[in-house]
Amino acid sequence: MKHIDAARIEQLLQKHSKTDNAKVDAVLDKARSLQRLTLEETAVLLAADDAQNTEKIMEAAAYVKDAIYGKRVVLFAPLYISNACVNNCRYCGFKCENRSVDRRSLTPEEIKEQVSWLLNRGHKRILMVAGEALNFDGKKAIDYYCDSVQAIYDAQAGKNRIKRVNVNAAPLSVEEFKQLKGIGIGTYQVFQETYHDETYRYMHPSGPKSDPDNRINAIDRAFAAGIDDVGIGVLYGLYDYKFETLAMLMHCEHLENKFNVGPHTISVPRIEPVAGSDVSENVPHPLTDEDFMRLVAILRLSVPYTGIILSTRETPEMRDILVHHGVSQISAESRVSPGGYDDEETEEGIQFTLGDHRTQDEIIGSLLEQGYLPSFCAACYRKERTGERFMSLAKPGAIKGMCQVNALVTLKEYLDDFASDSVKQAGYKLINKQINSLTGTDREILRDMFKHIDDGVRDEYV
Ligand code: SAM
Ligand code: SF4
């Protein structure tokens with residue numbers, strides 16, 4: 001597979017197959033100084049899977065998470081616009097051989113209805129998701145994606161609109177990526193699923209996705225088209241998690257070397273069962289909860305400035321733990337079928353089974369209870385603080401104060417417009433506490449912005 005030196009990964013895993021406590025401590029010391037780790041250092045941590053070292057790794061990850069992101073957790077909702085698909089990925093409910101699924105591609109009007117439902121629950125950030133097809137109901141794929149992104153931005157509920165649309169869709173050409181950038185997307189995500197060549201070919205037996213190089217190169221093409229916020233990921237469970245984690249970090253290194261900036265986000269989906277999947281009953285490399293937590297913590301230490309995304313595939317308990325040890329973005333109240341946002345949740349036509357069925361308000365209530373600051377901010381993207389520019393501000397901590405102000409503003413908007421009474425109470429308590437941690441100037445800025453919210457202004461940011 002392009003950009004992945006499998007022999008080197010095997011060599012590193014072999015070299016560090018035994019735990020070395022002194023080396024683990026040295027790597028953790030480096031990680032605590034918020035420096036990015038090398039592949040070899042990451043391999044040292046991956047080997048350290050005994051209880052004592054696991055605890056140290058989890059603690060260090062919590063430290064790094066807090067030092068860089070503070071208490072902020074960004075919330076978003078996925079929006080499945082189509083389950084039409086020409087691929088046959090063995091693990092997915094949408095694979096073309098699964099005849100039990102009714103295929104549906106939402107029209108712009110249907111998309112606007114779905115988005116209104118989400119806006120009325122306080123959502124501001126959407127991840128648009130689709131299967132892969134040449135045409136969707138007769139429309140060329142790229143035109144269908146662009147019209148759908150536009151429909152999401154056009155949807156309105158009162159004064160509320162979606163601020164940022166990220167896209168998770170099949171690889172495109174440079175020209176098509178330029179069109180997608182032109183319509184104003186945030187992050188473009190595509191998961192390699194597995195970086196192990198043989199496993200990749202087995203899991204993707206037919207369709208355009210069967211070519212691993214076309215998929216891994218999609219990220220390079222997105223950069224070439226000017227999209228500098230990209231997201232990558234592994235579908236954990238397909239192959240050995242240690243190999244996958246080092247390979248994904250090798251992919252990051254390739255991007256850093258070629259484009260001066262790595263991925264904006266890393267996603268860590270684990271295979272979930274679903275009707276029609278070949279692997280529901282028999283996940284090839286199942287990952288225990290303990291190993292999963294440890295690997296997310298190791299990713300946090302290895303690439304401290306890269307966002308880590310956790311979806312509602314995971315249970316509330318797992319999400320609560322991982323928000324503490326590294327995850328910076330979570331989805332909330334997700335539905336994973338086109339047209340799924342409705343007052344009744346259904347399992348029909350879903351891509352995979354969900355682990356967290358809580359409402360947005362319940363998730364926000366739980367985050368607040370644990371002292372986290374739920375954020376709907378999209379200011380960096382809207383102020384063009386993306387790619388290399390974002391990293392150059394994020395690394396010296398120059399945007400930390402701004403982020404805090406923006407997050408508090410979006411929280412107050414949520415509380416005033418959508419929250420239940422108990423969440424409102426908990427939210428204001430947290431706001432009052434957080435105000436004290438701001439510098440004098442930031443506090444002044446925040447006070448002005450809060451006053452504007454009380455006067456009816458929405459969507460102000462710095
Ligand atoms: N169809 C496009 C593709 O495959 O790139 C984009 C969207 S696909 C609907 C989004 C992601 O869902 C896939 O990249 C895969 O990692 C994940 N996925 C598919 N089946 C899954 C399952 N059974 N459990 C968990 N995640 C799954
Ligand atoms: Fe299609 Fe994506 Fe599912 Fe594969 S993972 S079958 S490409 S929707």
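Remember, it's 1-based here, ligands and their atoms both numbered in the order they're listed. Heavy-atom basis, side chains included; hydrogens, waters and symmetry copies ignored.
With ligand atoms numbered from 1 in the order given, ligand 2 contributes 6 (S) to contacts under 4.0 Å with heavy atoms of K95. Listed by number with element, the atoms of ligand 1 under 4.0 Å from a non-hydrogen atom of I271 are 24 (N), 25 (C). Below 4.0 Å from some heavy atom of V129 lie the following atoms of ligand 1, by number and element: 7 (C), 9 (C). Annotation for ligand 2: atoms under 4.0 Å from non-hydrogen atoms of G131 are 8 (S).
At distances below 3.5 Å, at least one donor-acceptor pair connects side-chain atoms of S280 with backbone N or O atoms of V274. Side chain of S302 to backbone of L299: no donor-acceptor contact under 3.5 angstrom is found.
Residue, atom and distance of the protein heavy atom nearest to atom 7 (S) of ligand 2 are N87 ND2, 3.4 Å. Nearest protein heavy-atom contact of atom 18 (N) of ligand 1 is Q351 NE2, 3.7 Å. Remark: minimum distance from atom 6 (C) of ligand 1 to any protein heavy atom is reached at N168 OD1, 3.1 Å. In this structure, atom 21 (C) of ligand 1 lies nearest to the protein heavy atom F352 CD2, 3.8 Å. At the shortest separation from atom 17 (C) of ligand 1 among protein heavy atoms lies R313 NH2, 3.3 Å. In this structure, the protein non-hydrogen atom closest to atom 4 (Fe) of ligand 2 is C89 SG, 2.2 Å. Remark: minimum distance from atom 2 (Fe) of ligand 2 to any protein heavy atom is reached at K209 NZ, 4.0 Å.
For the pair S267 and ligand 1, no heavy-atom separation below 4.0 Å is found. Close to ligand 1: G131, with a non-hydrogen atom less than 4.0 angstrom away.
Contact annotation for L235 and ligand 1: only side-chain heavy atoms (C-beta onward) come within less than 4.0 Å of the ligand. Residue contacts with ligand 1 for Y91 involve both N, CA, C or O and side-chain atoms from C-beta outward (heavy atoms, distance under 4.0 Å). Contacts of M128 with ligand 1, taken as heavy-atom pairs under 4.0 Å, are absent altogether. If you look at A130 next to ligand 1, the close heavy atoms, those under 4.0 Å, all belong to the backbone. Within the 4.0 Å heavy-atom criterion, the part of K209 lying near ligand 1 is the side chain and not the backbone.
At a cut-off of 2.8 Å, C92 does not coordinate atom 4 (Fe) of ligand 2 through any N, O or S atom. Between atom 1 (Fe) of ligand 2 and C85 there is an N/O/S contact shorter than 2.8 Å.
A side-chain N or O of T38 and one of E41 form a donor-acceptor pair less than 3.5 Å apart.
To the nearest 0.5 Å, atom CE of residue M128 and atom CD1 of residue I152 are 5.5 Å apart.
In this structure, the ring of Y241 has its center no less than 6.0 angstrom from the ring center of H285. In summary, the aromatic rings of F376 and F76 are positioned with their centroids too far apart to meet the 6.0 Å limit.
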- Take Y200 and H204 through the ring-ring contact (aromatic ring centres under 6.0 Å, His included) test and state the conclusion after the steps. CA-CA 6 Å; Y200 187 98; H204 307 101; 4.1 Å; yes
- Any chance you could lay out the salt bridge (charged side-chain N to carboxylate O under 4.0 Å, His left out) test for R121 and D417, step after step, and finish with the verdict? CA-CA 9 Å; R121 271 154 182 77; D417 294 344; over 6 Å; no
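More than 12 heavy-atom neighbours from other residues, nucleotides or ligands sit within 6.0 angstrom of CG on N257.
G307 and Y69 get closest at one heavy-atom pair: N-OH, 3.8 Å. Contact between Q360 and A332 at its shortest, heavy atoms only, is OE1-CB, 3.4 Å.
The aromatic rings of H251 and H3 lie parallel to each other, with less than 30° between the two planes, well short of the 60° mark. Ring orientation note: the planes of Y239 and F243 are nearly perpendicular, at an angle over 60° on the 30°/60° scale.
Any N or O atom pair closer than 3.5 Å counts here, and E132 shares no such pair with ligand 1.
Among R215, E193, E272, the residue whose heavy atom lies nearest to atom 3 (C) of ligand 1 is R215.
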